[in-house]
Trainee: 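Got a structure here, written out as structure tokens. Questions coming.
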Amino acid sequence: MNNHKNVRSVLMLSPQTITNGATATANLDCKGYGDAEILITVGAATAVPASIKIFESDDTVVTNFAELTALSIGATMAADQHVRFFVDRSNGARKRYLRVAVTAGAGSSIISGHGLLDRAAINPNSTSGYGSNVVREI
């Protein structure tokens, strides 16, 4: 059974509208975690995103990010859908930072993005360690 207390949730892309070739990007710092998941949601859309690409780097310098082509997708989504990207970082072969880039098609899309980090090296000792300001537990 997984210990869900060592899962960190990160809002990467606040809900927003992207239009006509614009790109929304965000980084996810994976330091101290074995697995990463990025969830991109497409809400109402006149056109689905032209592409969703995942990159990785050892730092946050934009030009240092290399595309993980096995994870990147073209316009294969429809409105009101989401796509999940999983990255197994447990073998040490992956870089510290992941970056998502969502590029709009010819119309507009409402998108949002969340990151989930799992298998923490150290369990969090406060609610900020969970990636949330409010945590409820019973």
Side-chain angles (χ1 to χ4, degrees):
M1 181 171 148
N2 287 338
N3 177 0
H4 294 288
K5 289 186 177 181
N6 70 1
V7 174
R8 180 175 176 86
S9 173
V10 179
L11 177 62
M12 295 178 67
L13 294 169
S14 296
Q16 60 190 277
T17 301
I18 56 173
T19 60
N20 299 328
T23 300
T25 62
N27 294 343
L28 180 63
D29 186 353
C30 302
K31 182 178 181 182
Y33 291 89
D35 289 330
E37 177 181 351
I38 296 174
L39 174 67
I40 302 297
T41 302
V42 177
T46 59
V48 297
S51 68
I52 302 173
K53 296 181 178 183
I54 307 295
F55 303 84
E56 69 176 349
S57 177
D58 286 324
D59 56 38
T60 57
V61 177
V62 174
T63 56
N64 290 344
F65 280 89
E67 183 178 348
L68 297 172
T69 55
L71 292 180
S72 298
I73 64 171
T76 59
M77 298 177 64
D80 300 321
Q81 288 188 342
H82 63 267
V83 62
R84 296 167 68 174
F85 302 92
F86 294 97
V87 179
D88 180 356
R89 303 185 64 257
S90 62
N91 62 8
R94 301 268 59 109
K95 309 281 185 179
R96 175 177 173 175
Y97 294 94
L98 293 175
R99 182 178 183 85
V100 63
V102 182
T103 302
S108 65
S109 301
I110 297 174
I111 61 153
S112 66
H114 291 83
L116 292 173
L117 298 165
D118 195 4
R119 293 198 291 163
I122 301 171
N123 283 339
N125 58 7
S126 69
T127 57
S128 63
Y130 299 129
S132 303
N133 293 328
V134 178
V135 175
R136 302 283 189 234
E137 182 177 354
I138 57 171

Trainee: Leu11 versus His114: any side-chain heavy-atom pair under 4.5 Å?
Mentor: yes

Trainee: When you compare the side chains of Thr25 and Arg99, does any donor N or O come within less than 3.5 Å of an acceptor on the partner?
Mentor: yes

Trainee: Do Ile110 and Ile52 land in one hydrophobic cluster if side-chain heavy atoms of ILVMFWY residues count as linked below 4.5 Å?
Mentor: no

Trainee: When you compare the side chain of Thr23 with that of Val102, does any pair of heavy atoms fall below 4.5 Å?
Mentor: no

Trainee: Would you say Ile38 ends up clustered with Leu71 if hydrophobic residues are merged whenever their side chains have heavy atoms under 4.5 Å apart, either directly or through other cluster members?
Mentor: yes

Trainee: Does Tyr97 share a hydrophobic cluster with Leu39, counting links as ILVMFWY side-chain heavy atoms below 4.5 Å and allowing steps through other members?
Mentor: no

Trainee: Mind checking whether Leu98 and Phe65 have side chains closer than 4.5 Å, heavy atoms only?
Mentor: no

Trainee: Between Ser72 and Glu67, is there a side-chain donor-acceptor contact under 3.5 Å, judged purely by atom types and distance?
Mentor: yes

Trainee: Between Val100 and Leu28, is any pair of side-chain heavy atoms under 4.5 Å apart?
Mentor: no

Trainee: State whether a side-chain donor-acceptor pair under 3.5 Å links Ser108 with Thr17.
Mentor: no

Trainee: Return the CG to CG distance between Asp35 and Leu117, rounded to the nearest 0.5 Å.
Mentor: 9.0 Å

Trainee: Same cluster or not: are Phe55 and Leu13 linked, directly or through other Ile, Leu, Val, Met, Phe, Trp or Tyr residues, by side-chain heavy atoms under 4.5 angstrom apart?
Mentor: no

Trainee: Step by step, work out the side-chain contact (heavy atoms from CB on, under 4.5 Å) result for Leu68 and Glu56.
Mentor: CA-CA 7 Å; Leu68 297 172; Glu56 69 176 349; 3.4 Å; yes

Trainee: With the threshold set at 4.0 Å, does a side-chain nitrogen-carboxylate oxygen contact exist between Asp58 and Lys95?
Mentor: yes

Trainee: Nearest 0.5 angstrom please: Asn20 CG to Ser109 OG, how far?
Mentor: 10.0 Å

Trainee: So, does Glu37 use its side chain to make a donor-acceptor pair with the main chain of Phe85 at under 3.5 Å?
Mentor: no

Trainee: Kindly give the heavy-atom pair with the smallest separation between Tyr33 and Asp118, and that separation in Å.
Mentor: CB-O, 3.6 Å

Trainee: Run through Asn27, Asp29, Thr60 and flag the one making a side chain to side chain contact (heavy atoms under 4.5 Å, CB included) with Arg96.
Mentor: Asp29

Trainee: Indicate yes or no: at least one non-hydrogen side-chain atom of Val83 is less than 4.5 angstrom from one of Ile73.
Mentor: yes

Trainee: Drop me the distance from Leu116's CG to Met12's CE, to the nearest 0.5 angstrom.
Mentor: 10.5 Å

Trainee: Rounded at 0.5 Å granularity, tell me how far NZ in Lys53 sits from OG in Ser51.
Mentor: 5.0 Å

Trainee: Return yes if some donor-acceptor pair links the side-chain N/O of Ser57 with the main-chain N/O of Asp59 below 3.5 Å, else return no.
Mentor: yes

Trainee: Give, for atom OG of Ser112 and atom NE2 of His82, the distance between the pair rounded to the nearest 0.5 Å.
Mentor: 10.5 Å

Trainee: Please report the shortest heavy-atom distance between Ile18 and Ala24, naming the atom on each side.
Mentor: CG2-CB, 3.9 Å

